[in-house]
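Protein chains get the first letters and strands the later ones, always in sequence-line order, with residue 1 at the start of each.
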Amino acid sequence: MRLSRYFMPTLREAPSDAQVVSHQLMLRAGMIRQEAAGIYAWLPLGLRVLKKIEQIVREEMDRAGAIEVLMPTLQLADLWRESGRYEDYGDEMLRITDRHKRDLLYGPTAEEVITEIFRAYVKSYKDLPKNFYNIQWKFRDERRPRFGVMRGREFLMKDAYSFDVDEAAARRSYNRMFIAYLNTYARLGLNVVPMKADPGPIGGDLSHEFIILADTGESQVFCHKDLIEMGAPGDVDWDGDLQPLVEQRTNLYAATEEMHDEAAFAAVPEDKRLSARGIEVGHIFYFGEKYSKPMKAEVAGPDGQNRPIHGGSYGVGVSRLTGAIIEASHDEAGIIWPDAVAPFGVAVINLRPGDAAVDEVAETAYQALIAAGKDPLLDDSDQRPGAKFAAIDLVGIPWQLVVGPKGVADGTVEIKRRATGEKQTLPLEQALKVITA
RNA sequence: CGGAGUGUGGCUCAGUCUGGUAGAGCACCGCGUUCGGGACGCGGGGGUCGCAGGUUCGAAUCCUGCCACUCCGACCA
């Protein structure tokens, strides 16, 4: 992409509405535009990041055996009356009436819809387990939206729903999602800690929140340090027994403020105790027959008798992750994108557009990076060097390849790694090798 | 939903107390000098001062009502 033909409206100053750093940086980098409280338009740069996160989430869901569907944003109130949640949900649900005076709602989640789909087709235990997911916009009319896209009213969520014949099978589905989540966050370049969450009315131990650690996180969290260094399991035998992998992580102490147990935390060796700020970026739970019973999602068992399925649901805040990654990865100059989600892989900065020799080197570098699949952004704009450096630092592109008259005169370019600030002056071919390595 | 605050060009803000021809910086347009970490000079364009009433000879400024947005608290991917 050539910057001169792109749309990347950066701001020198943060709009005063934005208080948290990720919100300020997203606005300054021209990623989003606020349209109303908690509702954002995604500008080209922000959309690129959002799509990359979405794709990683998708790939990890697929790998864990979940099946993608796309459910509508608008749902029928009648379905929610079946589950009993239409009245329960309260003012957070955005209710709409169509021209036929039919009650609709903008879905805050999709248990009802997926259960309706499931029960229409699946009748036998032989067809289980099944896990359907969708990546779709949700709307929750929060009393107080804030923190930019981290707490919006409209947000992009990946929600998965598992269907199993009994609780033991449901636990296996839960474990698959547990591992898939760890893998997903690891690919996004995040340190994530699974923490015991409030299981709600169902009870049991099958509810976890996934928290990333960031100094500016909204809640206080407590955990055993080993959890952070443990890393993600990666590809596993998804049909095998995942319980040991899950237990390895759930046996160590980890809790958010609400679930915190001071006595249990005190039992953790002192040098392993970590108290930090965190941001919730995922939540998984098992809810048993909560929806299958009232909505009659039943399958026949081996004995020929119908029984309600055991369900679980698994959410990742995709749009929230955009902000959360920034909270976890930025400096005074701006955003530092992990390579996996960066809007562009490399910025080729032409310091002197119009200078034939400089243009030629910049163009050569640009074409080579396209060929190498590095998705480069060529800054061919007519701005002063300082402004270019500042803007590219701000938007957080992982590599910078700087082509200027001085370097061109002695056959070199400069490359800079955004995360470390480390710079090297090299001949172009070597510079390209470093970047594409 | 309780409490607090803010609405003035795209962005940051001054002006409001004490009514009297709407300002600055950044951004934008033109010309020139510049050009390796957000340049400088000269010239220029752009604002129903959130909206609606009211008071007044005269309202960004005073009064009333409404709306929007932000922050703190209780709840959430």
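The distance from atom NZ of Lys388(A) to atom C1' of G38(B) is 13 Å, rounded to the nearest whole Å. If you measure from atom CG of Asp379(A) to atom P of C35(B), you get 19 Å, rounded to the nearest angstrom. The nearest whole Å value for the distance from the CG atom in Asp382(A) to the C1' atom in A39(B) is 13 Å. In this entry the distance linking CD of Gln34(A) with C1' of G7(B) reads 14 Å, nearest Å. What separates CD of Glu35(A) from P of C69(B) is a distance of 11 Å, to the nearest Å. If you take CE of Met8(A) and P of A27(B), they are 16 Å apart, rounded to a whole angstrom. Atom CD of Gln19(A) and atom P of C69(B) are 15 Å apart (whole Å). Arg28(A) has its CZ atom 13 Å from the P atom of A27(B), to the nearest Å.
Listed by first and then second residue, the salt bridge (Lys or Arg N to Asp or Glu O under 4.0 Å) pairs involving residues 73-87 of chain A are Asp78(A)-Arg81(A), Asp78(A)-Arg102(A), Arg81(A)-Asp103(A), Glu82(A)-Arg119(A), Arg85(A)-Glu111(A), Arg85(A)-Glu112(A) (not counting sequence neighbours).
For the pair Arg418(A) and Trp399(A), the cation does not sit on the ring face, since its NZ or CZ is not both under 6.0 Å from the ring centre and inside 45° of the axis.
Searching all strands for a Watson-Crick or G-U wobble partner of G58(B) with both distances below 3.5 Å returns nothing. Nucleotide A68(B) is matched to U6(B) when pairs are restricted to Watson-Crick or G-U wobble geometry with both distances under 3.5 angstrom. In this entry C42(B) has G30(B) as its Watson-Crick or G-U wobble partner, both defining distances falling under 3.5 Å. In this structure, A24(B) and U12(B) make a Watson-Crick or G-U wobble pair, each of the two defining distances being under 3.5 angstrom.
Note that OG of Ser162(A) and CD1 of Ile309(A) are 7.5 Å apart. Values are rounded to the nearest 0.5 Å.
Between Asp141(A) and Arg153(A) a salt bridge is recorded (basic side-chain N to carboxylate O distance below 4.0 Å).
Between the P atoms of C40(B) and G53(B), the separation comes to 45 Å (whole Å). To the nearest whole angstrom, the two P atoms, one in A74(B) and one in U18(B), are 39 Å apart. Between the C1' atoms of A4(B) and C11(B), the separation comes to 25 Å (whole Å). When the P atom is used for both U56(B) and G19(B), the distance is 16 Å, rounded to whole Å. Atom P of C28(B) sits at a distance of 15 Å from the matching atom of G10(B), rounded to the whole Å.
Note on Arg12(A): every side-chain N or O is 4.0 Å or more away from OP1 and OP2 of G38(B).
Residues passing the side chain to side chain contact (heavy atoms under 4.5 Å, CB included) test with Ala160(A), sequence neighbours excluded: Met61(A), Asn131(A), Tyr133(A), Lys158(A), Met177(A), Tyr314(A). Applying the ring pair (Phe, Tyr, Trp, His ring centres under 6.0 Å) criterion to Phe222(A), with sequence neighbours excluded, gives His260(A), Phe265(A).
The environment of Lys225(A) atom NZ is dense: over 12 non-hydrogen atoms of other residues, nucleotides or ligands sit within 6.0 angstrom. The number of heavy atoms from other shown groups lying within 6.0 Å of CD (Gln55(A)) is above 12.
The nearest pair of heavy atoms linking Asn134(A) to Val69(A) is CB-O, 2.8 Å.
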Atom pairs, N/O to N/O, protein against nucleotides 40-43 of chain B, distance under 3.5 Å?
none

Identify the pairs formed between an N or O of the protein and an N or O of nucleotides 74-77 of chain B at a distance under 3.5 Å, and give each distance.
unit_1: A74(B); atom_1: N6; unit_2: Arg146(A); atom_2: NH2; d: 3.4
unit_1: C75(B); atom_1: O2; unit_2: Arg151(A); atom_2: NH2; d: 3.1
unit_1: C75(B); atom_1: N3; unit_2: Arg151(A); atom_2: NH2; d: 2.9
unit_1: C75(B); atom_1: N4; unit_2: Arg146(A); atom_2: NH2; d: 2.9
unit_1: C76(B); atom_1: O2'; unit_2: Arg140(A); atom_2: NH1; d: 3.4
unit_1: A77(B); atom_1: OP1; unit_2: His283(A); atom_2: ND1; d: 3.2
unit_1: A77(B); atom_1: OP2; unit_2: Glu280(A); atom_2: OE2; d: 3.3
unit_1: A77(B); atom_1: O3'; unit_2: Glu280(A); atom_2: OE2; d: 2.5
unit_1: A77(B); atom_1: O2'; unit_2: Gly317(A); atom_2: N; d: 3.0
unit_1: A77(B); atom_1: N6; unit_2: Gly152(A); atom_2: O; d: 2.8

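In terms of position on RNA chain B, the residue among Phe147(A) and Ala333(A) whose nearest nucleotide sits closer to the 5' end is Ala333(A).
Residue Asp159(A) forms a side chain to side chain donor-acceptor pair (under 3.5 Å) with just one option from Gln136(A), His283(A), Lys138(A), and that option is Lys138(A).
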Inset, instruction - For nucleotides 10-16 of chain B, just jot down a letter per nucleotide in 5' to 3' order: B, S or -, based on protein non-hydrogen atoms under 4.0 Å. - result: -BSS---
Inset, instruction - Give the intermediate values and the outcome of salt bridge (Lys or Arg N to Asp or Glu O under 4.0 Å) for residues Asp235(A) and Arg63(A). - result: CA-CA 8 Å; Asp235(A) 212 1; Arg63(A) 198 212 296 258; 3.5 Å; yes
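Side-chain contact between Glu35(A) and Glu154(A) is absent, with no heavy atoms from C-beta onward closer than 4.5 Å.
With hydrogens and angles ignored, the 3.5 Å screen pairs no side-chain donor or acceptor of Gln383(A) with any backbone N or O of Asp380(A).
In this structure, Pro9(A) reaches neither bases nor backbone, as no heavy-atom distance under 4.0 Å exists between it and the strands shown.
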